[in-house]
Structure formats: structure tokens, C-alpha cells
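Protein chains get the first letters and strands the later ones, always in sequence-line order, with residue 1 at the start of each.
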Protein chains: 2
Amino acid sequence: MKTALGEFIKLRRRQAGLTQEELAYKAGVGLRFIRDMEQGKESLRLDKVNQVLGLFNHEAGPVLKINTGHES
Amino acid sequence: MKTALGEFIKLRRRQAGLTQEELAYKAGVGLRFIRDMEQGKESLRLDKVNQVLGLFNHEAGPVLKINTGHES
DNA sequence: TTTGATTATACCAGAAAGGGTATAAATTTG
DNA sequence: CAAATTTATACCCTTTCTGGTATAATCAAA
């Protein structure tokens with residue numbers, strides 16, 4: 001699966017020139033967590049997600065859903 | 001603690017005239033989860049959070065952190 | 001205040017996430 | 001292509017979240 005949060009982190013991490021391992025260390029989470037997150041795992045824990053987002057001055061918040069429009 | 005997600009849900013739920021129990025049922029999560037979320041629990045599971053936000057056409061996404069400015 | 005409804009807190013059991021490690025696959029570099 | 005780095009997948013163990021139930025506290029209405 002592909003999630004907004006996962007894509008966001010993958011992009012920002014690369015822009016920062018970090019490996020998953022380095023990001024994990026900086027964020028204080030396990031390497032496996034970064035992997036799961038970037039790959040779009042849905043059932044992550046919110047506090048861990050926020051630990052990672054915090055490195056980029058972001059946090060998880062409510063955003064309007066895009067019209068996932070099964071375009072005709 | 002107070003979180004953006006918790007406050008958002010509490011507000012929207014009340015605007016919709018729903019009890020925590022009704023919201024829990026509609027979202028397909030336990031009542032305890034709604035309580036925890038509205039009270040700002042940090043370590044919720046993201047998929048459950050999204051189940052709830054989905055009822056209001058929202059989802060958890062990366063948002064810029066407000067300058068939590070320890071105002072001088 | 002009294003009653004009824006809603007919300008908060010505590011305990012238990014089951015399920016699953018997170019971390020670590022090992023290995024495989026993929027990507028990059030020379 | 002070969003070597004090295006980075007990323008992906010699988011297994012085990014510990015931790016803890018979630019849901020359910022019960023009870024207390026809070027709030028609203030009469």
C-alpha cells in the first residue's frame with residue numbers, strides 16, 4: 001500500500017540524504033519501523049510516526065481526504 | 001495531553017450530535033478507543049485513527065508543526 | 001436535588017506492533 | 001560485471017494497544 005505519510009517520509013529522508021538506518025537512529029525508532037512506514041503499513045503507532053515526522057517539523061494531523069475518484 | 005486529532009474528533013462528533021458510543025459504532029472501533037483518542041492518547045494505532053477520521057472525510061497526514069512558541 | 005445520560009478510569013484477555021537479528025533482493029558505485 | 005551499500009522480507013520475543021466489562025465521576029434535564 002501507499003500512504004501519504006510513508007511517501008512524505010521517504011521523500012524527505014532522501015532530500016536530507018539520509019539512509020533508513022540513519023533516520024531511524026535520529027528519530028529514536030527501530031529500523032524496521034522506518035521500513036514499515038515507508039512501505040505504507042497502516043497499523044503503525046501514532047507516537048512513533050510523530051517521532052519521525054518531528055525531525056522534519058511535521059506531525060500527524062487531520063487532513064481532508066482527496067476525492068479518490070475512481071475516475072470515469 | 002491535548003492533540004490536534006483528539007480535539008478535531010471531539011469537535012466534529014459534537015457538531016454531528018453523536019455520543020462517543022455512536023461514533024465508535026459507526027467507525028467500527030471500540031468505545032474505549034474513542035475515549036482514548038479524544039483524551040489525547042499518543043500511542044494510538046494509525047489505522048484505527050483513520051477509521052474514525054474517515055467518517056468526517058479526513059485522514060491522518062503530515063502537517064507543519066506550529067511554532068510551539070514558549071512565548072516570551 | 002434527583003434522575004438519567006454521557007464521559008472517565010481501572011482491570012483482564014487476546015491480538016498485534018516494535019525491536020533485534022539474519023538473510024535476500026535491489027540499488028548504487030567503481 | 002563485481003563489490004559495496006541500501007532496502008526488503010522473515011522469525012522470535014517483549015511490550016502494549018484494543019476491546020469488553022464494571023464502576024466512578026461528570027453533566028444535563030426536570
Q: Look at the side chain of B:Arg35 and decide which nucleotide, out of C:dT7, D:dG19, D:dT6, has an atom nearest to it.
A: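 Selected nucleotide: C:dT7.
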Q: By nearest nucleotide on DNA chain D, pick out whichever of A:Leu31 and B:Leu46 is the more 5' one.
A: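 Comparing both residues, the 5'-ward one is A:Leu31.
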Q: Base, sugar-phosphate or nothing for A:Glu38? Non-hydrogen atoms, less than 4.0 Å.
A: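 No contact.
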Q: Where does the angle between the aromatic ring planes of A:Phe8 and A:Phe56 fall among parallel (under 30°), tilted (30 to 60°) and perpendicular (over 60°)?
A: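 Ring orientation of A:Phe8 relative to A:Phe56: perpendicular.
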Q: Taking the side chain of B:Ser43 as its heavy atoms from C-beta onward, which of D:dT7, D:dC17, C:dT7 lies nearest to it?
A: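 So the side chain of B:Ser43 is nearest to D:dC17.
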Q: With a 4.0 Å cut-off on heavy atoms, is A:Arg13 in touch with a base, just the backbone sugar-phosphate, or nothing at all?
A: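 Sugar-phosphate: the residue A:Arg13, judged by heavy atoms under 4.0 Å, touches backbone atoms but no base.
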Q: For B:Asn50 and B:Ala60, indicate whether the former's side chain and the latter's backbone hold a donor-acceptor pair under 3.5 Å.
A: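 Indeed, once roles are kept as given, a pair shorter than 3.5 Å links the two residues.
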Q: Write down the distance between CG (B:Leu44) and P (C:dA17), rounded to a whole number of angstrom.
A: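 That distance rounds to 14 Å.
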Q: Round to the nearest Å and state the distance from B:Glu42 atom CD to D:dT18 atom P.
A: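 Interatomic distance, CD of B:Glu42 to P of D:dT18: 13 Å.
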Q: Looking at B:Arg13 and B:Glu22, is any side-chain nitrogen of the basic one under 4.0 Å from a carboxylate oxygen of the acidic one?
A: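 No.
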Q: Check the distance between C:dT7's C1' and B:Lys10's NZ and give it to me in whole angstrom.
A: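 Atom-to-atom, B:Lys10 to C:dT7, this comes out as 9 Å.
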Q: Side chain of A:Arg32: nearest nucleotide among C:dA17, C:dA8, C:dG20?
A: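 Of all the options, the side chain of A:Arg32 is nearest to C:dG20.
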Q: Rounded off to whole Å, could you give me the CZ-to-P distance for the A:Arg14 and D:dT6 pair?
A: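 From A:Arg14 CZ to D:dT6 P: 13 Å.
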Q: Spell out yes or no: do the side chain of A:Arg45 and the base of C:dG18 have one donor N/O and one acceptor N/O closer than 3.5 Å?
A: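 No, the side chain and the base share no sub-3.5 Å donor-acceptor pair.
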Q: Under 4.0 Å between a side-chain N or O of A:Gln39 and OP1 or OP2 of D:dT7?
A: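 Indeed not, no polar side-chain atom of A:Gln39 lies that close.
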Q: Of the candidate nucleotides D:dT18, C:dA8, C:dG19, which contains the atom at the shortest distance from the side chain of A:Phe33?
A: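 Comparing D:dT18, C:dA8, C:dG19 against the side chain of A:Phe33, the answer is C:dG19.
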Q: Looking only at atom types and distance, does a side-chain atom of A:Gln51 sit under 3.5 Å from a main-chain N or O of A:Ala27, one as donor and one as acceptor?
A: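 Indeed, once roles are kept as given, a pair shorter than 3.5 Å links the two residues.
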Q: May I ask you to verify if any side-chain N or O of A:Gln20 is less than 4.0 angstrom from the OP1 or OP2 atom of D:dT5?
A: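 It does not, given that no N or O in the side chain of A:Gln20 lies less than 4.0 Å from OP1 or OP2 of D:dT5.
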Q: Which whole-number value in Å describes the distance from B:Tyr25 OH to D:dG19 P?
A: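 In whole Å, D:dG19 P and B:Tyr25 OH are 15 Å from each other.
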Q: For the side chain of A:Lys48, counting heavy atoms from C-beta on, which of C:dT7, D:dG19, C:dG19 is nearest?
A: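 Output: C:dG19.
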Q: Is it true that, when you exclude A:Glu21 itself, more than 12 heavy atoms of the residues, nucleotides or ligands shown sit nearer than 6.0 Å to its CD?
A: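 No, the 6.0 Å shell around CD holds no more than 12 heavy atoms from other groups.
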Q: Starting at CG of A:Leu23 and ending at P of C:dG19, how long is that distance when rounded to a whole Å?
A: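 Result: 12 Å.
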Q: Starting at CG of A:Asp36 and ending at C1' of D:dT7, how long is that distance when rounded to a whole Å?
A: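 Going from A:Asp36 (CG) to D:dT7 (C1'), I get 12 Å.
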Q: Quick one: A:Glu21 CD to C:dA22 P, roughly how many Å, whole number?
A: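 Rounded to the whole Å, the gap is 14 Å.
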